[in-house]
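Below you'll find the structure, written out as structure tokens, and then a few comments.
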Protein chains: 2
Amino acid sequence: MRGAETKAEIIAVADRLFYQGGFEHTSFAEIAAAVNIARGNFYYHFKSKDEILAAVIARRMASTTALLESWRREIDSPRARLSAFVNILAANGDKIMRYGCPVGSLATELSKLMHAAREAAVGLFDLFRDFLAEQFAALGCAKAEALALHLLMRSQGVAVLATAYRDPDYVAAEMAAMEDWIDREIARGTAARA
Amino acid sequence: MRGAETKAEIIAVADRLFYQGGFEHTSFAEIAAAVNIARGNFYYHFKSKDEILAAVIARRMASTTALLESWRREIDSPRARLSAFVNILAANGDKIMRYGCPVGSLATELSKLMHAAREAAVGLFDLFRDFLAEQFAALGCAKAEALALHLLMRSQGVAVLATAYRDPDYVAAEMAAMEDWIDREIARGTAARA
DNA sequence: GGAGAATTAGGACGAGTGACCTAATCCGTC
DNA sequence: GACGGATTAGGTCACTCGTCCTAATTCTCC
């Protein structure tokens, strides 16, 4: 069973390093140093670097699914669940200002590389999109998926500008604007039903 | 004078390849093959890869400045100038869906690399921000710079999701939403003045 | 047309890359 | 406590990377 633990540790470290430095920029040597294992030893656990990437994406899919599931379970109102999403920007502000959004930056990098794992990486967006659409639908909004994509788009835009300008005040302002937009859309949805 | 032409060609090709494949992923060999010159020969024109990056950023600053200047000169109304900005998303749609936004993706990559040229790359955002703020101010909007950053943020968010989902219809929908938002902000500005 | 500078061709260098291998070591099972 | 599969250590492989040289070539100007 020790092997499984080592493998999980490699994936966890690779996950962090892929985020912080980018997939291609991160070398086996770097991961090995962080995990404290011999460099050539990766090939007992993974056949290639692409296989590590696939494992990292799978790990992110699992952890994101778990996060969204906990929100569905522990947060009562759909409106508050939307705020939970928006608040990611504040909770991870420091990391976002240095490394961008892990989902968006990976998808963009893999797209530039024309990497086969691009579509798998986009699956992370799907998780958030579906979660958000669920909440908008529960709030009685028509075209819930379009609203979900719009909110996703805003979080990505804020992440990019946060990385560029590194201004926490700007991020806070856009978060407030997102909350306002959500409330307006909900109001529009209930008005349409009346 | 032949040297200057070769240098300019190297910069132009590097510009394209840095955009399409990313800065770090693009090698001298790749650039050399595209320019049809000997690989080791770069060091007559540039002392290092970072120097090529600096030249590419300078080139983008110049071409962006020229583009915005032409808009200021040839487009009469500030409102139409804002539309010109939004329309970049349609005009460059195919490239954006494959490689993302050249400004945003470079800034994010350099941030991950903790590269010294990061701040210079962010200067490209400044050009657009100032241009947009100028137009909002001319339209009588208060907090023109905040509105400019918001529009910039949206274009970045759309670029990231366009790269992820590669759906032209989604891009078109967000462009329309951006136009609506602009009109509402202008209306708000004139109402406040009345 | 010849001197001298600008430019190019064509490697070579050490370091680092992902990939691969084999021998040693660990550890649960009988 | 010896066996056998699971795991690790550590080194090697071919290759590419950015960088750097030097010799040849081209161009400019007297």
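Please read all numbers here as calculations on a predicted model, not as lab measurements. Reminder, nothing fancy here: chain letters follow the sequence lines and each chain counts from 1.
Rounded to whole Å, atom P of C:dA6 lies 13 Å from atom NE2 of B:His45. If you take CZ of A:Phe46 and C1' of C:dA19, they are 15 Å apart, rounded to a whole angstrom. Residue A:Phe28 contributes atom CZ, which lies 22 Å from atom P of C:dA15 at whole-angstrom precision. B:Lys49 has its NZ atom 17 Å from the C1' atom of D:dC20, to the nearest Å. As a whole-Å value, the separation of B:Ile52 CD1 from D:dC17 P is 13 Å. Regarding A:Arg39, its CZ atom lies at a distance of 14 Å from the P atom of D:dC13, rounded to whole Å. Distance A:Glu51 CD to C:dG18 P: 15 Å, rounded to the nearest Å. Put simply, NZ on B:Lys7 is 16 Å from C1' on C:dT8, counting in whole angstrom units.
The residue among A:Phe42 and A:Glu30 whose nearest nucleotide of DNA chain C lies closer to the 5′ end is A:Glu30.
Candidate nucleotides C:dT8, D:dG18, C:dA9 were compared by shortest atom distance to the side chain of B:Ile37, and C:dA9 ranks first. You'll find that the side chain of A:Ala29 is closest to C:dT17, out of C:dT17, C:dT8, C:dA19.
Side chain to side chain, B:Tyr165 and A:Asp126 meet the donor-acceptor criterion of an N or O pair below 3.5 Å.
Checked against a 6.0 Å centroid threshold, the rings of B:Tyr43 and B:Phe28 count as neighbours.
What you find for A:Asp169 and A:Asp167 is that their closest heavy atoms are N-OD1, 2.9 Å.
A:Ser27 has a side-chain polar atom (N or O) that falls below the 4.0 Å cut-off from OP1 or OP2 of C:dT17. A sub-4.0 Å separation between OP1 or OP2 of C:dA19 and a side-chain N or O of A:Tyr43 is present. At the phosphate of D:dT7, OP1 or OP2 sits under 4.0 Å from a side-chain N or O atom of A:Tyr44. The side chain of A:His25 contributes no N or O atom lying less than 4.0 Å from OP1 or OP2 of C:dT17. Put simply, B:Thr6 has no side-chain N or O that comes within less than 4.0 Å of OP1 or OP2 on C:dT7.
Looking at A:Glu109 and A:Lys112, no side-chain N of the basic residue comes within less than 4.0 Å of a carboxylate O on the acidic one, giving no salt bridge. We find that A:Arg81 and A:Asp76 are not joined by a salt bridge, their nearest charged nitrogen and carboxylate oxygen being 4.0 Å or further apart.
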